Amino acid sequence: MQLVWFRDDLRVHDHPALFAAAQRGEPVVALYIASPQQWQLHDCGPRKAQWHYANVQALREALAGLGIPLTVWRCEHFDDIPARLGALCNEAGIGAVHCHHGLGVNERALEQKLADQLPVPLHRYADANLVDYSAITTGQGGLYQVFTPFARRCRQWMAPPQPLPAPEPQAAQPPLQADDAWSETVDLLWPAGEQAAARTLARFCQQRLSAYHDDRDWPAKAGTSALSPYFAAGVLSPRQAAHALSQQADGEGAQSWLNELLWREFYRYLLYHHARLSRHDALFPAKEARWEANDEWLRRWQQGRTGFPLVDAGMRQLNATGWMHNRVRMLCASFLVKDLHIDWRLGEAYFMQQLVDGDLASNNGGWQWAAGCGADAAPYFRSFSPYRQSERFDPDGDYIRQWVPELAEVPARQLHKGGPFLLAPDYPAPMVDHKAQTARFTAQFKQQMEETRHAS
DNA sequence: AGTTACTTGGC
DNA sequence: CCAAGTAAC
């Protein structure tokens with residue numbers, strides 16, 4: 001009997017580990033382990049737990065249709081897993097355990113422990129990535145540190161995406177054991193499961209892809225794919241996405257979306273090669289600014305009470321739904337770092353706690369980009385202007401008014417010029433002077449560079 | 001995956 | 001005058 005261990009790969013199609021296990025010609029059984037306290041240490045919030053829960057239920061049904069029983073355990077910490085899994089292998093006569101490579105340090109450490117301690121072999125497979133991370137190197141054999149050349153190389157190397165089918169149905173097996181108690185009250189905007197993901201993907205490709213290049217930057221429009229929660233839980237694989245993309249006519253929209261898929265690959269590639277990133281180390285520590293602790297400012301940013309309409313709209317969308325439009329994520333991140341001078345790790349943690357699509361690699365990569373200490377980082381002097389961004393991307397103020405109802409009466413022109421607003425007495429005045437704060441950041445950083453230059 | 005000031009070349 | 005391009009931050 002072969003055991004497939006599911007983690008953030010909650011699907012039956014294009015699942016290398018499941019496919020390989022089924023190839024063995026023995027009955028296949030499946031296991032999922034909820035680890036709430038361990039997840040909390042990873043800044044995983046209630047929404048992501050809910051999202052995993054809902055998708056595990058959908059996975060159970062999909063697996064049942066293939067005759068594969070899913071057992072769900074609850075082990076609060078990763079440390080609880082090796083002994084229990086070892087015992088199961090002995091009791092149930094498991095011949096081998098199959099899973100995908102994890103990217104976080106704790107996930108990798110657990111895999112290593114299992115590989116060392118289980119009474120049976122642990123087979124690990126690359127998840128259905130678009131490229132082989134270990135094979136992508138620069139001409140000099142080094143690692144890419146800038147997105148554009150990385151993406152160029154990927155486009156050259158990318159095999160035509162061929163997603164694997166779900167395994168052939170087997171004679172239904174009895175469940176290994178009764179499930180542990182684990183339940184969540186699911187209150188999310190996304191329907192769970194592979195079928196919902198496939199429908200969303202198909203609709204996006206047919207209806208929105210051709211306009212994606214133009215529409216994706218307008219937070220008031222439904223111009224993005226909205227697939228990120230499915231990617232984060234592995235309900236949809238990037239190969240399935242790239243395959244659907246390859247069935248569509250090429251054009252600006254298709255190229256832009258492929259680029260976004262490759263940004264995701266780039267951040268996973270970085271984490272694959274630099275495991276310390278998952279301990280929140282900067283990729284380039286020398287490029288860290290001097291962060292200033294300010295709990296009151298952090299709280300105002302988190303609550304969407306900064307007095308900058310587009311920033312507040314984004315943070316309130318995040319708090320209300322667990323999702324924020326990407327354009328606004330970049331602005332909110334830039335604001336925390338460049339205007340409030342608060343450590344990007346606090347922003348990274350807050351996003352992770354709130355996001356339904358929270359993904360270690362993408363979230364960390366995005367924050368380090370914004371903070372200027374990561375790969376392909378925004379230079380220290382580059383900061384988003386909250387006013388300029390709303391003028392360009394929310395010209396009518398529709399997005400702002402949707403999430404900040406106090407501003408309903410304020411004309412768009414005023415919103416882009418900045419408050420305080422006479423027509424919105426309940427809305428706070430801007431908490432800082434944007435120009436002065438970004439200038440201070442730049443000056444501070446320059447001085448710091450001077451000091452390190454003298455010191456060396 | 002930015003913003004700004006300045007230049008240039010068109011009308 | 002404006003649009004597009006460029007350099008610098």
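By convention in this document, chain letters (A, B, ...) are assigned in the order of the sequence lines, proteins followed by strands, and residues within each chain are numbered from 1. Note that the coordinates shown come from a computational prediction; the quantities given were computed from them, not determined experimentally.
Atom P of nucleotide B/dG2 and atom CZ of A/Phe381 are separated by 13 Å, given to the nearest angstrom. Distance, A/Arg440 CZ to C/dC9 C1': 18 Å, rounded to whole Å. Atom C1' of nucleotide B/dG2 and atom CE of A/Met330 are separated by 10 Å, given to the nearest angstrom. We find that NZ of A/Lys338 is positioned 15 Å from C1' of B/dT4, with the value rounded to whole Å. Atom P of nucleotide B/dA1 and atom CD of A/Glu260 are separated by 9 Å, given to the nearest angstrom. Per the geometry, NE2 belonging to A/His434 stands 14 Å off P belonging to B/dG2, to the nearest Å. If you take CH2 of A/Trp218 and P of B/dA1, they are 13 Å apart, rounded to a whole angstrom. Spacing between atom CD of A/Glu391 and atom C1' of B/dG2 amounts to 14 Å, rounded to whole angstrom units.
Taking side-chain N and O atoms only, A/Arg327 has a distance below 4.0 Å to OP1 or OP2 of B/dG2. Using a 4.0 Å cut-off, no side-chain N or O of A/Gln389 falls inside it from OP1 or OP2 of B/dA1. Residue A/Arg392 places at least one side-chain N or O under 4.0 Å from the OP1 or OP2 atom of B/dT3.
Counting any heavy atom pair closer than 4.0 Å across all strands shown, A/Thr442 reaches no nucleic acid atom. Within 4.0 Å (heavy atoms only), A/Arg329 reaches no atom of the nucleic acid at all. Using a 4.0 Å heavy-atom distance criterion, A/Tyr267 is classed as a base contact. Within the 4.0 angstrom heavy-atom criterion, only backbone atoms of the sugar-phosphate kind lie near A/Arg388; the bases stay farther away.
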- Report the C-alpha distance between A/Phe308 and A/Phe335 in whole Å, list the side-chain angles of each, state the deciding distance to 0.1 Å, and finish with yes or no for ring pair (Phe, Tyr, Trp, His ring centres under 6.0 Å). CA-CA 10 Å; A/Phe308 292 84; A/Phe335 186 81; 4.9 Å; yes
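For the 3.5 Å distance criterion, the side chains of A/Arg327 and A/Gln389 qualify, holding a donor opposite an acceptor. A donor atom on one side chain and an acceptor atom on the other are found under 3.5 Å apart for A/Glu265 and A/Tyr133.
Among the nucleotides B/dT3, B/dA1, C/dC9, the one closest to the side chain of A/Ser385 is B/dT3.
Using a cut-off of 4.0 Å between Lys/Arg side-chain N and Asp/Glu carboxylate O, A/Arg299 and A/Glu296 are scored as salt-bridged. A salt bridge between A/Glu184 and A/Arg47 is absent, with no side-chain N of the basic residue lying under 4.0 Å from a carboxylate O of the acidic one.
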